[in-house]
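Numbering of residues begins at 1 and proceeds along the displayed sequence. Every number for a ligand or one of its atoms is a count from 1 in the order of the listing.
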Amino acid sequence: ARPTPSPDPAEAERLAVGGLFQPFSPVYQEDPARSFYVEAHARAPVAYSPQFFAYLVTSHADVMHVLRDPALFSSARLLEPVVPFAPELLARLQKGTFPLPPGLFNNDPPSHTRARLLFSKAFTPTRVAAMEPQIRRFASELAAELAAGPPELELMRDFTFKLPMKVIAALVGVPYEDMPQLKAWQDDWFRLYDPTVDEAGKLAAADGFVAYQRYYAELIGKRRAQPADDLISALLRAREGEDSLTTEEMISHLVVLLFAGYETSASLMGSLLFALLGEPELWRRVGEDAALLQAATEETLRMHASVQMEPRHTTRATSISGVEIPAGATVMTFFGAANYDAHVFPDPLRFDLNRPNGARHLGFGWGIHSCLGASLARLEVRVGMQALRAALPDLRLAEGARRSYLPSLFFRTPAAVPAVRG
Ligand code: HEM
């Protein structure tokens, strides 16, 4: 049957622009800004995607409007399955705790306020700053291995994924050797929500997710008996009056931390390396100029935010920039698109290291859910790039290397950064 043309031209435009949101198409992956964001800003800042049943909010002002009002635009349903889990799958999951208590991402005030307060007592700026020498050691060791190895490198595989994995392990207090298993269990967790995985695959994934929880429950038990200088021990100590975190709440935080802080940091380093190595002069200068490295990092966060969007759900009917939105609707909040809004970032397609408004990018989100790990991420990136630059001053992109990104709905992760030294 032919689709019936919409009688309302504005509505038709919203649908047409919403149709440009094709996160799994190669054109979109290569450049979401040119294939969707710029069009959305010009034609329909609040578009609608019938494919994803979602309102797509893209202007800087509208994204801020959504982030400013968590009572209206809720995060509580973020980890709810779109299709309810089958009874057999649910029974498997309930061998562990399912659902896990709401953590940080998937929570609203007042529960979120309490969770963030308690979490912040453990994950403090002092704890992050104290990690700098350790991060420098990890980064220098990795860079030295690269300097001693073959001249052809793939920096996502050889560096950007390795560094945050080491950092998260050290932060949380997990033996580094266990990290591949934890990552596999995290992938199991995501498989539960993946419509392309069959029932047998989901049952196996449920066992993985339960094993993941047991792993952390055991580790928490060990730290309770014998505290160490790590985040788990600090979470166990965190108090607000009489209040403290339960073991299940801690597990909830820990499983989120791995995915929140691992791929995101690797992605940022990968995108930044494309920018720095793309211009030999820039690579040379960032060795001596920390401010320049910082400007390049922030501009990369603007143009290639690792987290391009997060969904919110309306708790009542509302309107955004004149577009009516019913209660219970999914509102995709595009940090990535807001970062290309010419009202805030003139000439947004240009990589500009002197932007007066550069700090207003939403690469780390904004508001009550803004990234708790932003200072750790910035530290890792700075120290990581400095170590690479020191060990490999003549690093450059491989002949013909061009930016390409992995297919993903929410994330922007370079598929590979092929490079050569010497
Ligand atoms: C939240 C991005 C690294 C922990 C967020 C949000 C964004 C983001 C956009 C907001 C999500 C929303 O509003 O729904 C990034 C990027 C990173 C990074 C681009 C790296 C370059 C990290 C690291 C950690 C971390 C290293 C911790 C070790 C968190 C947590 C939240 C969060 C716990 C949830 C806060 C809340 O809901 O209250 N991050 N992140 N992130 N991030 Fe990050």
Side-chain angles (χ1 to χ4, degrees), residues 57 63-64 66-70 73-79 102-120 122-125 127-128 131 135 160-161 163-174 230-232 234-235 249-250 252-272 297-298 300-313 330-339 361-385 410-414:
V57 175
V63 167
M64 293 290 281
V66 170
L67 296 177
R68 212 174 270 132
D69 194 348
F73 300 102
S74 162
S75 293
R77 286 170 49 197
L78 227 61
L79 291 176
L104 289 163
F105 274 98
N106 58 333
N107 207 348
D108 288 334
S111 167
H112 173 266
T113 319
R114 166 187 172 268
R116 189 150 166 142
L117 194 67
L118 280 165
F119 190 84
S120 305
F123 189 45
T124 58
R127 176 168 297 281
V128 171
M131 288 192 78
I135 300 176
T160 78
F161 273 117
L163 182 59
M165 183 79 99
K166 284 183 185 263
V167 173
I168 294 271
L171 168 73
V172 174
V174 171
D230 59 23
L231 188 70
I232 295 189
L235 285 168
E249 284 171 333
M250 286 182 55
S252 208
H253 288 322
L254 292 170
V255 298
V256 164
L257 211 57
L258 182 59
F259 89 78
Y262 168 59
E263 187 162 333
T264 48
S265 305
S267 308
L268 174 58
M269 280 190 259
S271 290
L272 179 59
T297 306
E298 299 304 313
T300 300
L301 273 161
R302 182 186 74 79
M303 294 189 75
H304 304 283
S306 313
V307 184
Q308 289 285 303
M309 77 201 89
E310 285 287 344
R312 298 289 192 263
H313 294 95
T330 302
V331 172
M332 285 288 193
T333 311
F334 278 82
F335 311 117
N339 288 347
H361 74 72
L362 302 179
F364 284 123
W366 188 86
I368 65 160
H369 290 283
S370 72
C371 181
L372 262 171
S375 56
L376 177 61
R378 286 186 169 112
L379 176 65
E380 277 180 72
V381 173
R382 173 170 59 79
V383 171
M385 292 302 113
F410 299 112
F411 302 119
R412 186 150 172 79
T413 302

Is there a heavy atom of Arg378 sitting under 4.0 angstrom from any atom of ligand 1?
-> no

Which residue holds the protein heavy atom closest to atom 11 (C) of ligand 1, what is that atom called, and what is the gap in Å?
-> Phe105 CE2, 3.6 Å

State the CZ-CG distance between Arg412 and Leu268, to the nearest 0.5 angstrom.
-> 12.5 Å

Leu268 neighbourhood, listing ligand 1 atoms whose heavy-atom distance to it stays under 4.0 Å = 21 (C)

Short side-chain to backbone donor-acceptor contact, His369 and Asn107, under 3.5 Å | yes

Between Leu104 and ligand 1, is there a nitrogen or oxygen pair with a distance under 3.5 Å?
-> yes

So which protein heavy atom does atom 13 (O) of ligand 1 come closest to, and at what separation?
-> Arg312 NH2, 2.8 Å

Taking only heavy atoms of Glu310, which atoms of ligand 1 are found under 4.0 Å from at least one of them?
-> 11 (C), 12 (C), 14 (O)

Tell me yes or no: between the side chains of Ser75 and Arg312, is some donor less than 3.5 Å from an acceptor?
-> yes

Under a heavy-atom criterion of less than 4.0 Å, does Ile368 contact ligand 1?
-> yes

Ligand-residue contact atoms, ligand 1 with Ser265, heavy atoms, under 4.0 Å | 20 (C), 21 (C), 26 (C)

In ligand 1, which numbered atoms sit nearer than 4.0 Å to a non-hydrogen atom of Ser306?
-> 19 (C)

Where do Met131 and Leu376 come nearest, in terms of heavy atoms and distance?
-> SD-CD1, 4.4 Å

OG1 of Thr333 to CG of Leu362, rounded to nearest 0.5 Å, is 10.5 Å

The protein N, O or S atoms lying under 2.8 Å from atom 43 (Fe) of ligand 1 are Cys371 SG

Closest approach of any protein heavy atom to atom 37 (O) of ligand 1, naming residue and atom | His369 ND1, 2.7 Å

With heavy atoms only and a cut-off of under 4.0 Å, state how Leu257 meets ligand 1: side chain, backbone, both or neither.
-> side chain

Under a 4.0 Å heavy-atom limit, does Arg116 contact ligand 1 with its side chain, its backbone, both, or neither?
-> side chain

Would you check whether Ser75 reaches within less than 4.0 Å of ligand 1, judged by its heavy atoms?
-> no

Where does Trp366 meet ligand 1, judged by heavy-atom distances below 4.0 Å: at the side chain, the backbone, both, or neither?
-> neither

Considering only heavy atoms, does His112 approach ligand 1 within less than 4.0 Å through its side chain, its backbone, both, or neither?
-> side chain

